[in-house]
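Order of the sequence lines sets the chain letters (A, B, ...), proteins ahead of strands, with each chain counted from 1. Just so it is clear, the model here is predicted, and its values are computed rather than measured.
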Amino acid sequence: MIFNEKFETMKLEDLKNLQSERLRALAKYVYERSPVYKKRIDESGYCLSDIKTIDDITKLPFTTKDDMRDYYPFGLFSMDSSKVAEFHVSSGTTGNPVVSGYSKDDVDLWGEAAARSIGAAGGKAGDIIQVAYGYGLFTGGLGLHYGALKFGCPIMPMSSGQTKRQIKLMSDFKPRILACTPSFAMYMGEEAHSLGFKPENISWEIGIFGAEPWTTAMQNEIDRSLGMLATDIYGLSEITGPGVAQECHLRQGLHIWSDVFYPEIIDPKTDLPVKEGELGELVITTLTRTGMPLLRYRTRDLVSINNEVCACGRTAPRISKIQGRTDDMIVIRGINVFPTQIEYALLQVEESLPNYQIIVDRADKGLDTIEVQVEIDQKFFSDEIKGIEAVKQKIKKSIEQTILVGVNVKLVEPKTIARSEGKAKRVIDNRKI
Amino acid sequence: MKITQMSVFIENTKGRLFDLCSILGKNNINIKALTLAESHEFGIVRLVVDKAEDAVEIARKNGFIASLAHIVAIEVSDDPGGLAEVLKVLSENDLNIEYMYGFVEKASDKALMVFKFEDIDKALEVLCKNKIPVISKETLNFSKN
């Protein structure tokens with residue numbers, strides 16, 4: 001069902017007027033409150049009066065992931081950190097993580113976006129929702145939680161893991177909606193089958209899955225094995241967690257709530273807009289956030305956009321599933337991992353060489369595994385197994401403390417990591433996504 | 001006296017041990033004793049060869065991770081309880097053995113064992129005091145030289 005008729009089905013012309021009005025207010029808001037944006041706008045050669053309609057957005061400066069690192073932790077906030085309601089954190093490309101400060105209004109906005117998403121997936125007030133995304137600094141769990149609260153869906157705040165318990169409570173509480181990463185949904189499906197559950201004994205009818213890339217093939221597989229409709233949700237902590245965009249039950253792309261999260265699709269090399277339907281980098285402006293509003297944030301996610309009004313009645317444009325990245329980020333069990341983080345972790349261990357390769361696989365039951373192969377160095381070769389095992393453990397610990405995901409470390413002989421044009425290929429992703 | 005042993009890191013992949021042994025063979029290095037310590041993903045091959053320093057250099061040139069380690073070769077009487085007798089002395093003197101393995105060939109009617117000690121100098125002293133015969137490098141090269 002449609003959660004917010006007024007905004008979700010707003011006529012395109014009215015929507016454009018609303019976006020223009022909000023953009024003008026946003027430009028003024030950040031100009032007055034954020035020294036970083038004030039400086040950038042001043043240097044751009046444009047002034048606030050040049051921002052008249054939403055089409056003038058291209059006159060505003062971009063914000064990048066590197067800005068997040070450079071102004072860590074609170075430098076990009078447009079609000080004093082004491083006024084912020086909560087912080088969320090995701091992986092940065094190297095040492096510093098990415099922080100986003102949500103004001104009370106931002107949390108409310110997030111709840112609104114997630115509630116619209118639950119409705120788009122086919123949920124309605126009164127449907128029990130099992131939230132099996134992690135709760136914490138990661139936005140998955142709380143995002144769906146706030147959305148369900150706003151919508152009036154009784155919440156099972158499970159967080160991730162504890163598969164058997166998840167399945168037991170599913171069979172006792174009979175939630176209609178499951179929200180988690182698609183790989184965890186697959187895993188729970190396998191577990192439920194091995195516990196003797198048939199698709200008809202599984203109460204979930206709607207899946208709201210995201211936080212990692214997945215294919216239509218995987219979606220169909222979840223539909224079939226769990227007897228449910230699996231839908232895709234999109235979000236990122238910098239903009240707002242899950243709920244920025246969501247597939248409706250027709251599953252012809254993800255509706256991006258453009259009255260609050262304005263999308264542009266650009267060519268990442270020229271920074272110019274691409275034609276409708278062409279693949280490009282998704283750039284989002286948070287039209288109404290107050291804690292840490294962002295102008296033209298470069299998500300590094302590659303998508304295409306469809307501005308046609310959907311048969312479901314929603315006028316919000318639809319973005320495709322994520323087709324790739326402009327960088328080499330990988331997503332493991334909902335956590336973003338950058339190869340540069342692994343390099344950083346290896347540099348912390350005296351005995352290791354920053355010569356590595358990351359092998360990502362999806363195990364039979366759907367859970368992602370990550371193996372880091374590190375070339376062993378003559379210098380620290382011990383002729384005892386325990387000596388080598390100790391080095392291996394040290395490397396493993398350093399990586400896990402940096403990326404917050406469990407890894408297998410495999411020590412390999414020197415020069416065995418394949419190099420092309422003298423440069424090693426850092427990531428081999430064997431997942432069929 | 002100390003004997004030099006060669007240790008080589010081997011990934012658990014097909015043919016790696018063969019690669020190593022064939023390189024040594026082509027370079028006229030004779031293997032006197034060999035043992036393989038293994039873990040799930042890798043192994044360490046320890047070899048007593050006639051020219052350990054040369055062998056390590058050759059292995060490294062061929063892309064292997066190799067190093068030298070000092071070990072002690074001890075003659076153990078080839079009768080029931082022969083090894084236990086030696087171990088008793090070592091244990092009474094608090095000598096930790098990191099690993100040990102046996103020779104195939106013999107210099108006499110006694111069996112030959114290789115020991116890697118945590119403290120090799122203390123081990124040599126204890127062995128000498130207890131009149132346990134330690135084999136020299138020259139004796140080890142018995143078969144061909």
* Mind listing the closest non-hydrogen atom pair of A:Ile385 and B:Ile44 along with its distance? =>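 Heavy atoms only, the tightest pair is N-CD1, 3.6 Å.
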Using the side-chain contact (heavy atoms from CB on, under 4.5 Å) criterion, which residues pair with [X]? Sequence neighbours excluded.
{"X": "A:Ser160", "result": "none"}
{"X": "A:Ala211", "result": "A:Tyr133, A:Phe138, A:Thr181"}
{"X": "A:Ile322", "result": "A:Tyr234, A:Asp301, A:Val303"}

* Gap between atom CG of A:Leu411 and atom CZ of B:Phe42 - 0.5 Å precision ->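 One finds 6.5 Å between CZ of B:Phe42 and CG of A:Leu411.
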* Leading residue by heavy atom contact count with chain A [cutoff under 4.5 Å; candidates B:Ala66, B:Ala37, B:Ala69, B:Gly63] ->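 The residue among B:Ala66, B:Ala37, B:Ala69, B:Gly63 with the greatest pair count is B:Ala66.
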Between these two chains, chain A and chain B, I want each donor-acceptor atom pair under 3.5 angstrom written on its own line with its distance.
| from | atom 1 | to | atom 2 | distance (Å) |
| --- | --- | --- | --- | --- |
| A:Gln378 | OE1 | B:Arg60 | NE | 3.2 |
| A:Gln378 | OE1 | B:Ala66 | N | 3.3 |
| A:Gln378 | NE2 | B:Ala66 | O | 2.4 |
| A:Asp383 | O | B:Arg46 | NE | 3.3 |
| A:Asp383 | O | B:Arg46 | NH2 | 2.7 |
| A:Asp383 | OD1 | B:Lys116 | NZ | 3.3 |
| A:Asp383 | OD2 | B:Gln5 | NE2 | 3.3 |
| A:Asp383 | OD2 | B:Ser7 | OG | 2.9 |
| A:Asp383 | OD2 | B:Tyr99 | OH | 2.2 |
| A:Lys392 | NZ | B:Glu41 | OE1 | 3.0 |
| A:Glu413 | N | B:Glu11 | OE1 | 2.7 |
| A:Glu413 | OE1 | B:Arg16 | NE | 3.0 |
| A:Glu413 | OE1 | B:Arg16 | NH2 | 2.3 |
| A:Glu413 | OE2 | B:Glu11 | N | 2.9 |
| A:Glu413 | OE2 | B:Arg16 | NE | 3.1 |

* To do: Please look at B:Val8 and chain A and tell me whether the side chain, the backbone, both or neither of the residue comes under 4.5 angstrom of a heavy atom of that chain.
  =>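 The answer is the backbone of B:Val8.
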